[in-house]
Amino acid sequence: MGSSDDEKDGAFENLTPKALSPGVASDGAKFVDEVLNGQNECCLDNFRMDKNVFYKLCHILQSRGLLRHTNRIKIEEQLAIFLFILGHNLRTRAVQELFRYSGETISRHFNNVLNAIMAISLDFFQPPGSDVPREVLENPKLFPYFKDCVGMVDSIQFPVMVAVDEQGPFRNKNGLLTQNVLAACSFDLKFHYVLAGWEGSASELRVLHSALTRNNKLQVPEGRYYLVDIKYANLPGFLAPYHDVPYHLKGLPGDHHPQDAKELFNQRHSLLRNVTNRIFEALKARFPILTSTPPYPLQTQVKLVVAACAIHNYIRTEKPDDWFFRMIEHGDVIQTDEALPSVEVEQPMLFETQDLDFPFVTEDLEMSLQLRDSLASEMWNDYINDDLSGI
């Protein structure tokens, strides 16, 4: 779905909130005003985005009729409450003390903003473009072999809170209660597609099957593909590494030379693998609530993941060089108020394609294997002709 005219309008550089009728400001309103009238870094720290980006999002939500000023709380403060909770992993009581509203008021506006973001979330998830990604085009180890690659599909598991009688399926292999989230990502750190809410015990292949067969499904452009790692089978539109040879460069000697076409393919494939690590790190650093166990109904916890990814995309479009993105792109570790716990990822060794009704015919499955073999052969021939000058 394309962006709205409001989102494409360039007249937001000096966007300011609409004036409200005079009234007595609460402590929360004073806090928000001080942040928005202060240094830009203060807004980034408190509300996780630059001031102009914040004001534009307020305008979008208001112009779509999704949020409105109330007698006591203007839209800027409603959005601030929501972003403050996501960005600092705070519970309602802590937010009550800062904004001086009842728990019911905080909860109501939190859910109103969450639903408003969800209502426009599809606008922020754009399908892949037709150009060859710069990360591929500018690397002779990757181009022209991966010229038809549009990004990476991977999964991540976020902690969840569920009722005792529902916990079984949500326990992953390490015994943790999680939801399994599938994401299709571009190399410029945007989410093309996100599917949240699957139980932590579900295999990555089963979640991918769901993404490909549901109404709002993951779509791969004709003739293009996403890279997937060793947790997935090689399928049409999803190019996996060979499972019977080493994959990651990590742990191999610096002067190691691949021994055959399959090993070379896996090494080249792994060079693009870190895109999902970077985008997930940026997401968790900006919104650390995702790495805790949010005390909300499961449906709300699922919405939070999708909304956070949508806001991430929105910020990436409006301010691609903001502080969080700069730190990730420079390879720095972002320090947050609380340490971010590691997120476990399922690593099934057996594939269930025979048990899952994937929307592929046998000929397409065979062609996807042939594509991988042809790419590996082309890489290997060029590698040999270059006299083993390096991968």
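- Checking side-chain atoms of Glu199 against main-chain N and O of Phe170 turns up no donor-acceptor pair under 3.5 Å.
- Residues Asn172 and Ser201 bring no donor and acceptor atom of their side chains to less than 3.5 Å of each other.
- Between His312 and Phe191, the two ring planes are perpendicular [angle over 60°; tilted spans 30° to 60°].
- Comment: Glu281 engages Lys284 in a salt bridge, judged by a side-chain N to carboxylate O separation of less than 4.0 angstrom.
- If you check the side chains of Glu263 and Tyr247, you find no donor sitting under 3.5 Å from an acceptor.
- With sequence neighbours excluded, the residues forming a ring pair (Phe, Tyr, Trp, His ring centres under 6.0 Å) with Phe82 are Phe110, listed by chain and number.
- Contacts of Arg316 classified as salt bridge (charged side-chain N to carboxylate O under 4.0 Å, His left out), with partners at least two apart in sequence or in another chain: Glu329.
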Practice task
Walk me through it: do Leu239 and Leu375 pass the test side-chain contact (heavy atoms from CB on, under 4.5 Å)?
Solution key: CA-CA 11 Å; Leu239 191 65; Leu375 291 175; 3.8 Å; yes

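- The salt bridge (Lys or Arg N to Asp or Glu O under 4.0 Å) analysis of residues 102-116, with sequence neighbours excluded, yields the pairs Glu104-Arg108.
- Side-chain contact annotation: Lys217 with Ser210, donor-acceptor N/O pair under 3.5 Å absent.
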Practice task
Kindly determine whether Leu235 and Leu365 satisfy side-chain contact (heavy atoms from CB on, under 4.5 Å), including the steps that lead there.
Solution key: CA-CA 6 Å; Leu235 298 168; Leu365 291 169; 3.7 Å; yes

Exercise for the section: Give the intermediate values and the outcome of side-chain contact (heavy atoms from CB on, under 4.5 Å) for residues Phe99 and Asp27. Expected result: CA-CA 6 Å; Phe99 286 87; Asp27 288 351; over 6 Å; no

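- Using a distance-only test at 3.5 Å, with no hydrogens or angles considered, a donor-acceptor pair links the side chain of Thr317 to the main chain of Asn313.
- Other residues, nucleotides and ligands place no more than 12 heavy atoms under 6.0 Å from the CZ atom of Arg68.
- A side-chain donor from one of Tyr242 and Asp373 sits under 3.5 Å from a side-chain acceptor of the other.
- For Phe54, the ring pair (Phe, Tyr, Trp, His ring centres under 6.0 Å) partners are Phe47, not counting sequence neighbours.
- Looking at Asn381, its side chain does come within 3.5 Å of a backbone N or O of Ser377 through a donor-acceptor pair.
- Asp321 pairs by the salt bridge (charged side-chain N to carboxylate O under 4.0 Å, His left out) definition with Lys319, not counting sequence neighbours.
- Residues Met49 and Leu83 approach most closely at CE-CD1, 3.7 Å, considering heavy atoms.
- When all heavy atoms of Asn180 and Ser155 are compared, the pair lying nearest together is OD1-CB, 3.5 Å.
- Ring planes of Phe358 and Phe360: parallel class, angle under 30° (limits at 30 and 60°).
- In terms of the ring pair (Phe, Tyr, Trp, His ring centres under 6.0 Å) criterion, His109 has no residue partners (sequence neighbours excluded).
- Gln301 places a side-chain N or O within donor-acceptor distance of the main-chain N or O of Tyr296, the cut-off being under 3.5 Å.
- Here the straight-line distance linking atom NE2 of His69 with atom CG of Asn71 works out to 11.5 Å at 0.5 Å rounding.
- Taking every heavy atom of both residues into account, Val35 and Lys51 meet most closely at O-CD, 4.2 Å.
- Between Met161 and Pro294, the closest heavy-atom pair is CB-O, 3.9 Å.
- Using bins of under 30°, 30° to 60° and over 60° for the plane-to-plane angle, the ring pair Phe265/Phe146 lands in the tilted bin.
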Practice task
Go through the steps for Lys147 and Asp131 under the test salt bridge (charged side-chain N to carboxylate O under 4.0 Å, His left out), then give the verdict.
Solution key: CA-CA 9 Å; Lys147 62 181 176 60; Asp131 294 337; over 6 Å; no

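- Under 3.5 Å, the side chains of Arg48 and Asn46 contain no donor-acceptor pair of N or O atoms.
- Heavy atoms only, all atoms of each residue included: Ile73 and Thr70 are closest at N-OG1, 2.8 Å.
- With hydrogens and angles disregarded, a donor-acceptor distance shorter than 3.5 Å links the side chain of Asn266 to the backbone of Pro246.
- Applying the side-chain contact (heavy atoms from CB on, under 4.5 Å) test to Ala261 and every residue at least two apart in sequence or in another chain returns Ala376, Trp380.
- Taking the side chain to side chain donor-acceptor pair (under 3.5 Å) definition, one finds that Thr276 meets it with Asp154, Arg273, sequence neighbours left out.
- The closest side-chain donor-acceptor pair between Gln167 and Arg171 falls under 3.5 angstrom.
- Counted by atom type alone, Ser102 and Thr105 present one or more donor-acceptor pairs between their side chains at under 3.5 Å.
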Practice task
Could you go through the ring-ring contact (aromatic ring centres under 6.0 Å, His included) check for Phe31 and Phe84 one step at a time?
Solution key: CA-CA 12 Å; Phe31 165 68; Phe84 199 80; 5.7 Å; yes

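- Atoms OG and CE, from Ser374 and Met367 in turn, are 10.0 Å apart once rounded to the nearest 0.5 Å.
- Every residue two or more places apart in sequence or in another chain that forms a side-chain contact (heavy atoms from CB on, under 4.5 Å) with Val361 is listed here: Glu363, Asp364.
- Of the possible polar contacts, one joining the Arg372 side chain to the Ala240 backbone as a donor-acceptor pair under 3.5 Å is found.
- Minimum heavy-atom separation, His243 to Ile230: NE2-O, 3.2 Å.
- The ring pair (Phe, Tyr, Trp, His ring centres under 6.0 Å) check on Tyr145 picks up nothing, with sequence neighbours excluded.
- Applying the side-chain contact (heavy atoms from CB on, under 4.5 Å) rule to Ala184 yields the partners Val153, His192, Tyr193, Leu218, Tyr226; only residues at least two apart in sequence or on another chain are considered.
- For Asp244, the salt bridge (charged side-chain N to carboxylate O under 4.0 Å, His left out) partners are Lys262, not counting sequence neighbours.
- A salt bridge does not link Lys56 with Asp50: none of the charged nitrogens is closer than 4.0 Å to a carboxylate oxygen.
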